[in-house]
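Before any comments, here is the structure.
We number each residue from 1, following the sequence as shown. All of these numbers come straight from a predicted model, not from anything done at the bench. Values below: all heavy atoms of this structure, side chains included; hydrogens, waters and symmetry mates excluded.
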Amino acid sequence: MAVPKRKMSRSNTRSRRSQWKAVAVSTQPCPQCRSPKLPHAACSVCGTYNGRQVIEV
């Protein structure tokens with residue numbers, strides 16, 4: 001197992017940790033009903049994906 005040779009400074013530690021950010025989930029409007037949905041997923045409101053009905057809602 002790799003073990004660091006020297007203690008990492010506070011500025012280096014904080015610089016590394018500053019990149020851990022929470023990202024908001026991106027949504028797109030459904031082309032059928034215009035409700036927000038995840039990209040590349042079926043709409044949970046109307047049940048369509050790629051212009052066709054895939055889920056019975």
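No more than 12 heavy atoms of other residues, nucleotides or ligands sit less than 6.0 Å from atom CZ of R52. When the shell of 6.0 Å around NZ of K5 is examined, it contains 12 or fewer heavy atoms from other residues, nucleotides or ligands.
Here the OH-CD distance, from Y49 to Q32, works out to 13.5 Å after rounding to the nearest 0.5 Å. Separation of atoms SG (C46) and CD (Q53) is listed at 6.5 Å; rounding is to 0.5 Å. Here the CZ atom belonging to R10 is positioned 14.5 Å from the CE atom belonging to M8, to the nearest 0.5 angstrom.
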Query - Pair V45-C30, side-chain contact (heavy atoms from CB on, under 4.5 Å): steps then yes or no - result: CA-CA 9 Å; V45 176; C30 174; over 6 Å; no

Please step through side-chain contact (heavy atoms from CB on, under 4.5 Å) for the pair L38 and V25, ending with a clear verdict. CA-CA 8 Å; L38 293 173; V25 176; 3.3 Å; yes

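Put simply, the side chain of S35 reaches to within 4.5 Å of the side chain of C43, judged on heavy atoms. Between P39 and S26, some side-chain heavy-atom pair lies under the 4.5 Å cut-off.
When atom types are taken as modelled, the side chain of S9 and the backbone of N12 share a donor-acceptor pair closer than 3.5 angstrom.
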